[in-house]
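By convention here, the first residue in the shown sequence is residue 1. Because the structure is a prediction, the values reported are computed rather than measured.
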Amino acid sequence: MSNSRRNLKAEDRALGLGQPISRRDFLNSTLIASGALLTSGVSPAQLLSQEDWTGYGGVGDYSSSNGNTYSIVQSGHGIRNGDFETLPAKVIDTGETYDCVIVGGGISGLAAALFFMRQSGSGSKCLVLDNHPIFGGEAKRNEFMVDGQRLIAHQGSAVFFQQYPHSFLARFYESIGLSSPKLEYQTWGGTDSALPLSRTPYDMVGSEPASYGFYFGAKFGQRPGVWLTDPWGKKLQGAPISDAVRSELLKWRAGPQKPDPRPKYEGDEVSRRLDGITLEDHMVDLYGISRETIRTFLSPVEGGGSGLGPDVLSAYADYAADLLRPLESDDTDQMFPGGNTGIARLMVKTLIPDSISGANTLEDVSRGKVNFGLLDRAGSPVRIRLKSTAVWVKHDGDPAKSNFVDVVYTCGKQVYRVKARSAVMAGGCWTTKHIVKDLPQTHSDAYTQFYRSPCMMVNVALRNWRFLYKMGLNGFRWFEGIGNYTEVRKTALIGADSPTLSPDSPIVLNLKVLFSYPGMPIADQGHRGRGELLSTSFAEYERKIFQQFTDMFARTGFDAKRDIAGLILNRWGHAYLNPQPGFFFGKDGKPAQRDILRAEPFGRIAFANTDLAGIMDHRCSILEAQRAVGQLLDQVLA
């Protein structure tokens, strides 16, 4: 990078890669996110231009698909606002009929396509519609080129887990080419004394070893901020907090103050009791700490797997994923270079073998280029149609008697129709409830109890992390600003350009940004978070992140203009299902709302997606797809 580009102001750089981009004057976020605007049906993103809002997307296959981009948000809000309550006069009939049309090309939709094609018999035809420029849903990745090295980071779905070898999930992984799920990772390089490095962005959360640090800034009256390394080893001495708070945090760290019976299976007495209270209630009882301490220091990291803080989540949500029962091992958690992008790519390679260049090996599937023209090839039994937003799904007549479902989608400025003998709604609840036009009232009512909150994954590419090493840190946590924690991660060798990692190596730090407002009702937290996410320009987020890193690390020689090589925002407006008490097993004598949608197909339409499980985990995406396809084959198409 030339010196002239290095000297560009942070807010005038294209995600740090030195390509200037034009921006309008940033609109005041308070005005944009005001209640009057949010209730008007106008997306805050619509008040900013494409490049004002989406920002830089990196290089490679995913360069035009970093999170929900400007165009994705616009089309989604058009559906929400009723743009397709009636069909336009000019709908182009493609003349196609498929045995199954799957709406949504994320993990659940791709898995549904696999299950359908494997179980429906030869001669079947399947179409997957996805509104993004590339498949994967939240299982996508960002790619940077930094000083000649390609760096890869996840946009959303990150970790997969080794399974017991005879389990259904282990056999599924093997069927898509993941026969050896334990990956090999970079090793320490250089002459500096080694620090332990994580395989995933979450390895140190909860353990916080001696090489971890806590940062306390202006929120705690510290200007400049102060660092506390090895915070638990020092028993929080030196942290600018009261003795009472220190005592409570140490109690939490020490573990439960009373027996903590864990659920043995979904639906047992313990799980139902936990589903009747909030996670915050459970923590107060279990650890003997105050709600204020939980909300100030532990939220939203505790509960972060469900997108919000413990104040509104079902306590069972903290245990539910454990009942998926991965292999019990110290290295159970594994991660492809781009997170579960690897799982999505393996499924697509299995469905359409020549869609990704190279052999059917983990290395080639990870590094190969997507052949986009082959995804929707005429005559192929499986077709994946990208940039195609489903806007209307409805039975051709009485759902109980109909032989077909009409599926209408937009692509560019045109509106198209295909016919399907069955359909799987594999997208999230926030779109499905608007798209299925003859949805029964029971199902519509059930969907009103599904709450979603946003998340933003920020990937910051650094030329080196020497400034962290000087402090003896490989991970850190903070309690104000953008995000909450991050750590230095070694990359699986199947995607790494270098087999080793040292403090002078380029890396990507991932900031997971949740939007939690403890004390507010669950629905209001989601709305407010989306207001903030949508109303903030790329330039403003970039400026804040540059300043945040400067405040934290200038003392050890960090220079944002020099050391940040790139920055990508991945905005997900409805990233997390937030299961409230009663979500899993019902309340007040009424069934769980998720079970209304899972029990059986509605006519020729079945419902998938991880939000029906209430567990934000790609394994549930696969399992929900298996259930939905099985219902169609047994009850509809048999």
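- Here P353 pairs with nothing under the side-chain contact (heavy atoms from CB on, under 4.5 Å) rule; sequence neighbours left out.
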Legend entry - Step-by-step side-chain contact (heavy atoms from CB on, under 4.5 Å) determination, F168 to Q626: CA-CA 11 Å; F168 169 79; Q626 180 204 26; 3.3 Å; yes

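- Residues satisfying the ring-ring contact (aromatic ring centres under 6.0 Å, His included) test with H395, not counting sequence neighbours, are F602.
- Every residue meeting the side chain to side chain donor-acceptor pair (under 3.5 Å) condition with K512, not counting sequence neighbours, appears here in chain and number order: Y576.
- At least one side-chain heavy atom of I72 sits under 4.5 Å from a side-chain heavy atom of N131.
- Inter-residue side-chain proximity for L324 and F161 is flagged as unmet; no heavy-atom pair is nearer than 4.5 Å.
- The nearest pair of heavy atoms linking A390 to I79 is O-CD1, 3.6 Å.
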Legend entry - Working for side-chain contact (heavy atoms from CB on, under 4.5 Å), residues V348 and L375: CA-CA 9 Å; V348 170; L375 293 174; 3.9 Å; yes

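- Remark: R604 pairs with no residue by the salt bridge (charged side-chain N to carboxylate O under 4.0 Å, His left out) rule, at least two apart or across chains.
- Shown here are the side-chain contact (heavy atoms from CB on, under 4.5 Å) partners of K125, two or more places apart in sequence or in another chain: Y98, D99.
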Legend entry - side-chain contact (heavy atoms from CB on, under 4.5 Å) evaluation trace for I152 with T491: CA-CA 8 Å; I152 303 175; T491 302; 5.9 Å; no

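- If you take CG on N570 and OG1 on T69, they are separated by 10.5 Å, rounding to the nearest 0.5 Å.
- Judged as a salt bridge (charged side-chain N to carboxylate O under 4.0 Å, His left out), and not counting sequence neighbours, E184 has no contacts.
- In this structure, the ring of F160 has its center less than 6.0 angstrom from the ring center of F336.
- Under a 3.5 Å cut-off, the side chain of T332 and the backbone N or O of L327 do form a donor-acceptor pair.
- Annotation: salt bridge (charged side-chain N to carboxylate O under 4.0 Å, His left out) contacts of R598 (sequence neighbours excluded): D595, E624.
- Side-chain N or O atoms of D398 include one that pairs as donor or acceptor with a backbone N or O of A400 at under 3.5 Å.
- For R452 (side chain) and A575 (main-chain N/O), a donor-acceptor pair under 3.5 Å exists by modelled atom type.
- Pairing each heavy atom of M335 with each of R489, the nearest pair is CE-CZ, 3.7 Å.
- Looking at every heavy atom in both residues, A113 comes nearest to V128 through CB-CG2, 3.9 Å.
- Taking the six-membered ring wherever Trp is involved, the centroid distance between the rings of F144 and Y56 does not fall below 6.0 Å.
- Here NE2 of H154 is found 10.5 Å from CD of E138. Values are rounded to the nearest 0.5 Å.
- Residues N578 and L313 have side chains in contact (heavy-atom distance under 4.5 Å, counting atoms from C-beta outward).
- For S65, the side-chain contact (heavy atoms from CB on, under 4.5 Å) partners are H132, P133, I134, K140, not counting sequence neighbours.
- A donor-acceptor pair shorter than 3.5 Å cannot be found between the side chains of R325 and S167.
- Under a 3.5 Å cut-off, the side chain of T432 and the backbone N or O of C429 do not form any donor-acceptor pair.
- Between F450 and F583, the angle of the ring planes goes over 60°, which puts this pair in the perpendicular group of the 30/60° scheme.
- No donor-acceptor pair closer than 3.5 Å links the side chain of Q149 to the backbone N or O of D497.
- Taking a cutoff of 4.0 Å between a charged side-chain nitrogen and a carboxylate oxygen, D331 and K182 qualify as a salt bridge.
- At distances below 3.5 Å, at least one donor-acceptor pair connects side-chain atoms of D130 with backbone N or O atoms of G105.
- Interatomic distance, D611 CG to W430 CH2, rounded to the nearest 0.5 Å: 6.5 Å.
- Of all heavy-atom pairs between D203 and R199, the closest is OD2-N, 2.8 Å.
- Residues D445 and T442 bring no donor and acceptor atom of their side chains to less than 3.5 Å of each other.
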Report, one line per pair, each donor and acceptor closer than 3.5 Å where one atom sits in a side chain of residues 406-418; sequence neighbours left out.
from	atom 1	to	atom 2	distance (Å)
D406	OD1	K419	NZ	3.0
Y409	OH	R385	NH1	2.9

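- Counting heavy atoms from C-beta on, the side chains of D376 and L386 never come closer than 4.5 Å.
- Looking at N142, its side chain never comes within 3.5 Å of a backbone N or O of Y62 through a donor-acceptor pair.
- Partners of D93 by salt bridge (charged side-chain N to carboxylate O under 4.0 Å, His left out), not counting sequence neighbours: none found.
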Inset, instruction - Please report the C-alpha distance between D61 and R345 in whole Å, then the side-chain angles of each, then the deciding distance to 0.1 Å, and finally whether the side-chain contact (heavy atoms from CB on, under 4.5 Å) criterion is met. - result: CA-CA 11 Å; D61 289 338; R345 291 171 74 92; 3.5 Å; yes

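- The side-chain contact (heavy atoms from CB on, under 4.5 Å) check on T361 picks up A359, E363, D364, with sequence neighbours excluded.
- K349 contributes a side-chain N or O that, together with a main-chain N or O of I356, makes up a donor-acceptor pair within less than 3.5 Å.
- Residues F585 and R594 have side chains in contact (heavy-atom distance under 4.5 Å, counting atoms from C-beta outward).
- In this structure, the side chain of S402 engages the main chain of D396 through a donor-acceptor pair within 3.5 Å.
- S75 OG to K387 NZ: the interatomic distance, rounded to the nearest 0.5 Å, is 12.5 Å.
- Considering only heavy atoms from C-beta on, Y173 stays 4.5 Å or farther from L346 through its side chain.
- Side-chain atoms of R421 do not come within 3.5 Å of backbone N or O of L637 as any donor-acceptor pair.
- Within the 4.5 Å cutoff, side-chain heavy atoms of R530 are placed close to those of H574.
- When all heavy atoms are compared, the tightest approach of P399 to D438 is CG-OD2, 3.7 Å.
- You'll find the side chain of L493 reaches within 4.5 Å of the side chain of Q186, heavy atoms only.
- Residues A608 and V424 come closest through the heavy atom pair CB-CG1, 3.9 Å.
- Atom CD1 of I102 sits about 8.0 Å away from atom CG of L110, to the nearest 0.5 Å.
- Distance CD/Q119 to CG/L633: 6.0 Å, rounded to 0.5 Å.
- The ring-ring contact (aromatic ring centres under 6.0 Å, His included) test applied to F135 returns no partner, not counting sequence neighbours.
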